[in-house]
> 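If you scroll down you'll find the structure; I have some questions about it.
Atoms within each ligand, like the ligands themselves, are counted from 1 in listed order. Quick caveat: nothing in here was measured; it's all calculated off a predicted structure.
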Amino acid sequence: MTINDRAIKFYSTQSINIKDKQSILEVLASGYLSRGPKIEEFEKKIGKICNNKNVLTVNSATSALQLAYQIHGIKKNSIVWTTPLTFVATANTAIHFGAKIDFVDIDPATLNICPSLLKKKLKEAKNSANLPDFLTVVHFGGNPCDMDKIFELSKKYKFKIIEDASHALGATYKGTRIGECNYSCATVFSFHPVKMITTGEGGALLLNSETDKQKACRLRSHGIDLLRKEKNTDRPEWYYEQVDLGYNFRMSEIQAALGSSQIDRLGSFVETRNQLAECYRESLSDLPIKFQETLSNCYSSHHLFTIEITDRNFARDDLYRFFRDRNIGCQVHYIPVHMQPFYKEMGFSEGMFKNVEHYFLNCLSLPLHQGLKEIDIQFVSDELHDFFKKN
Ligand SMILES: Cc1ncc(COP(=O)(O)O)c(C=O)c1O
């Protein structure tokens, strides 16, 4: 096999099998391309895996975040804090409502929001009457945040927690599933092709009450209340009532069928990612690099395997080019959100969040996905050793 044929040219990618393809063909033959039984089937499977009945599929995690903020009462000038180490959608969705965004720096070991920096920032915010209404945590790379500590602070300072678990389907925190919403009012997952499972594009919103689920259901589909129609049995078939201002955030039947087939393999996908991550850790342990740390009693879904170069004589961008020249997929996750031009216009600047900025300069995500084998990891690892020898 030449290197061009090998799966290592992607830092992450989907795994599609015959059953996945078959499930899509079945939908095409069924006559229901939208709002059919596959949505419910997929939602039930997500619910079973996450120990949570209140599941809603949507057309992206971005839409799920928007619904999460809206049903929990975000409004103009609400204060939302999140991590700067995330994809821009986490913060953008709050800004769409006119919320004021701020960031809490990461813990350099876990790469998640640092609980002690959060505590310090909350104390200061209390003094200036600027406490957040929401804190959106991101389980970066699938690595669960320190939810006990964050939850304790949310009780003391009275803010709502949203979990952006776009990377973390299949992860567990101290024996509980990410998605149970034990610590949060909402959790979102992404089913973009690089994620744990895929529906092409797509996402899910998990909530902690049936009432919230009904609200989100209405907003997902134009604010139309189908339950009222069911109660008004004397109404004709064509009747519907719009009671809210909603959107079209629905997932199609084709996407749901793919998701429903993919999620049957989630356990093996996550296990493979964890085994391969362990191979990386073992074979790279002699190099001047740092790995993301997972808290005890937690299980990462390993959406990403990121490394941080710790020797100043080696530049991340040289390593990026070295890998690219060899057709090895790698990526930078992420340019910190506060360093984006849009956020700089809002008053953020470099130097504000030192931990994430330091990480950003030195980080790279190596290939990690369920289509890889140990031999691929060994190949990448040998190349990485070569890089440090040559440079
Ligand atoms: C942390 C995080 N949040 C939100 C999103 C948005 O997900 P989607 O593309 O499904 O809208 C992503 C996607 O990459 C993400 O990584």
> So, using ring pair (Phe, Tyr, Trp, His ring centres under 6.0 Å) as the criterion, who are the partners of His333 when residues are at least two apart?
Tyr11
> Should the ring pair Phe87 and Tyr334 be called parallel, tilted or perpendicular, given that the plane angle runs from 0 to 90° and is split at 30 and 60?
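Phe87 vs Tyr334 ring planes: tilted.
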> Would Arg324 and Phe322 count as a cation-pi pair here, with the cationic atom under 6.0 angstrom from the ring centre and within 45° of the axis?
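Here Arg324 fails the 6.0 Å and 45° test against Phe322.
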> For the residue pair Tyr280 and Phe291, is the inter-centroid distance of their aromatic rings smaller than 6.0 Å?
no
> Thr86 and Thr83: side-chain donor and acceptor closer than 3.5 Å?
no
> Out of Ile328, Leu284, Leu276, Ile8, which residue meets the side-chain contact (heavy atoms from CB on, under 4.5 Å) rule with Leu366?
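Testing Leu366 for a side-chain contact (heavy atoms from CB on, under 4.5 Å) against Ile328, Leu284, Leu276, Ile8 leaves exactly one candidate, Leu284.
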> Distances only, to 0.1 Å: what are the N or O pairs between ligand 1 and the protein that fall under 3.5 Å?
{"from": "ligand 1", "atom 1": "3 (N)", "to": "Asp164", "atom 2": "OD1", "distance (Å)": "3.3"}
{"from": "ligand 1", "atom 1": "3 (N)", "to": "Asp164", "atom 2": "OD2", "distance (Å)": "2.7"}
{"from": "ligand 1", "atom 1": "3 (N)", "to": "Ser166", "atom 2": "OG", "distance (Å)": "3.2"}
{"from": "ligand 1", "atom 1": "10 (O)", "to": "Ala61", "atom 2": "N", "distance (Å)": "2.9"}
{"from": "ligand 1", "atom 1": "10 (O)", "to": "Ser190", "atom 2": "OG", "distance (Å)": "2.8"}
{"from": "ligand 1", "atom 1": "11 (O)", "to": "Ala61", "atom 2": "N", "distance (Å)": "3.3"}
{"from": "ligand 1", "atom 1": "11 (O)", "to": "Thr62", "atom 2": "N", "distance (Å)": "2.9"}
{"from": "ligand 1", "atom 1": "11 (O)", "to": "Thr62", "atom 2": "OG1", "distance (Å)": "2.5"}
{"from": "ligand 1", "atom 1": "14 (O)", "to": "Lys195", "atom 2": "NZ", "distance (Å)": "2.8"}
{"from": "ligand 1", "atom 1": "16 (O)", "to": "His167", "atom 2": "NE2", "distance (Å)": "2.8"}
{"from": "ligand 1", "atom 1": "16 (O)", "to": "Tyr334", "atom 2": "OH", "distance (Å)": "2.9"}

